[in-house]
Amino acid sequence: MDAAATTTTTASRVRAVAGGVLRYPRSTPSPTYGFLKPFSVRSDALHLSSRALSSLSAKGRRFYTCRALYNPEVQIKEEGRPETLDYRVFFVDHSGKKVSPWHDVPLQLGDGVYNFIVEVSKESSAKMEVATDEPFTPIKQDTKKGKLCYYPYNINWNYGLLPQTWEDPSFANNEVYGSFGDNDPVDVVEIGERRGEIGEILKINPLGALAMIDEGELDWKIVAISLDDPTASLVNDIDDVEKHFPGTLTAIRDWFKDYKIPDGKPANKFGIGNKAANKDYALKVIKETNESWVKLVKRSIPANDLCLV
């Protein structure tokens with residue numbers, strides 16, 4: 001790493017994020033980078049290209065994945081200043097080449113473990129999201145009419161995406177009032193105690209799913225917990241969440257139901273009986289949206305404005 005990448009005065013900063021807690025050198029008072037335990041990719045995962053796609057199997061469920069990152073350590077490169085229109089959080093490999101957090105980070109690591117990329121840190125309000133229409137799909141702050149977007153109040157959990165998933169806007173889900181997908185990767189609400197960093201990759205255990213309907217579009221919220229959380233071994237399904245995190249499921253549903261009301265919009269609605277579905281259903285959602293993503297990157301479905309680089 002060169003000196004320009006480590007100084008606090010440069011607009012471009014690099015930090016490692018792959019699958020662990022940020023650990024900055026103690027001698028650095030204003031840290032801009034750190035090294036983490038890299039996430040590993042199963043040896044049977046295949047590199048994804050436009051010419052070749054293969055599948056992996058986990059407990060009878062078929063998922064598509066890739067090893068697009070030859071070196072399992074990924075770094076974050078920040079360009080611009082936070083909370084400005086030009087701020088971007090890029091993912092780069094060991095050579096400094098930009099890669100996509102949406103397309104190049106594997107969805108599944110095996111043994112029921114999934115990668116989750118933090119877009120919005122717990123107890124923050126800047127509306128950060130993967131820019132699905134920009135090359136390498138960096139994380140940026142959402143805008144409306146040229147102004148930066150913020151939630152009306154802090155979100156109380158780590159929030160982000162499942163890589164290599166896509167909610168197909170041409171597919172009507174008959175289990176959720178025939179709603180069409182919202183054209184984005186699947187969202188994750190991670191309920192652990194630690195505040196994740198923007199762009200950090202956490203290994204998670206999916207626990208359930210909420211079927212949010214936002215202005216007529218289906219916008220799945222996968223409820224999950226980081227495997228690094230002290231309570232991770234206690235929760236493996238949606239009933240465990242209510243037992244060990246009482247009131248959390250209701251709080252998540254109500255937060256997402258009401259957050260647009262201060263902007264004068266109606267409350268969001270939820271399908272599946274207005275409650276969270278169990279783990280098996282969540283895995284079904286992940287499988288289906290992963291398959292939709294595969295069709296997207298194979299160009300079996302029109303990408304329109306989405307960037308597949």
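Residue indices begin at 1 and follow the sequence shown. Keep in mind that the numbers below use all heavy atoms, side chains included, and drop hydrogens, waters and symmetry copies.
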Is the gap between the ring centers of Y151 and W255 under 6.0 Å? yes
Pairing of [X] and [Y] as salt bridge, 4.0 angstrom limit:
{"X": "K127", "Y": "E119", "value": "no"}
{"X": "R194", "Y": "E200", "value": "yes"}
{"X": "K269", "Y": "E215", "value": "no"}

Hey, can you tell me if [X] and [Y] have their rings parallel, tilted or perpendicular (30° and 60° cut-offs)?
{"X": "F256", "Y": "Y259", "answer": "perpendicular"}
{"X": "W220", "Y": "Y281", "answer": "tilted"}
{"X": "W293", "Y": "H103", "answer": "parallel"}

Working note: R88 + E134, criterion salt bridge (Lys or Arg N to Asp or Glu O under 4.0 Å); need CA distance, chi angles, decisive distance, verdict. CA-CA 11 Å; R88 297 292 186 274; E134 295 184 11; 2.9 Å; yes
Answer whether the closest heavy-atom distance between the side chains of [X] and [Y] falls below 4.5 Å.
{"X": "P169", "Y": "D182", "value": "no"}
{"X": "K203", "Y": "L109", "value": "yes"}
{"X": "H244", "Y": "T231", "value": "no"}
{"X": "L162", "Y": "I286", "value": "yes"}
{"X": "L207", "Y": "D237", "value": "no"}

Between [Y] and [X], is there a side-chain donor-acceptor contact under 3.5 Å, judged purely by atom types and distance?
{"X": "N290", "Y": "W166", "answer": "no"}
{"X": "N205", "Y": "K279", "answer": "yes"}
{"X": "S100", "Y": "T137", "answer": "yes"}
{"X": "K221", "Y": "Y159", "answer": "yes"}
{"X": "E78", "Y": "Y87", "answer": "yes"}

Would F136 end up clustered with M128 when hydrophobic side chains under 4.5 Å apart are linked, directly or stepwise?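 They do not share one cluster, since no chain of ILVMFWY contacts under 4.5 Å joins F136 to M128.
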Heavy-atom pair with the smallest gap, counting every atom of A224 and I204: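 Heavy atoms only, the tightest pair is CB-CD1, 3.7 Å.
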Between [X] and [Y] (side chain of the first, backbone of the second, donor and acceptor by atom type, cut-off under 3.5 Å), is there such a pair?
{"X": "Q108", "Y": "G110", "value": "no"}
{"X": "E129", "Y": "Q141", "value": "no"}
{"X": "N154", "Y": "N156", "value": "no"}
{"X": "T143", "Y": "L148", "value": "no"}

With T165 as partner, the option from V285, T289, V188, D184 fulfilling side chain to side chain contact (heavy atoms under 4.5 Å, CB included) is T289
When you look at K140 and D86, which way does the salt bridge (Lys or Arg N to Asp or Glu O under 4.0 Å) test go after all the steps? CA-CA 8 Å; K140 70 171 186 177; D86 61 349; over 6 Å; no
Are more than 12 heavy atoms from other residues, nucleotides or ligands located less than 6.0 Å from atom NZ of K295?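 Incorrect, the count does not exceed 12.
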Near D305 CG, under 6.0 Å, is it more than 12 heavy atoms from other residues, nucleotides or ligands?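 Incorrect, the count does not exceed 12.
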Quick one: does NZ or CZ of K77 land under 6.0 Å from the six-membered ring centre of F90, within 45 degrees of the ring axis?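 Geometry flag: not set, cation outside 6.0 Å or 45°.
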Under the side chain to side chain contact (heavy atoms under 4.5 Å, CB included) rule, what do F91 and I76 come out as? Steps first, then yes or no, please. CA-CA 5 Å; F91 279 45; I76 287 301; 3.2 Å; yes
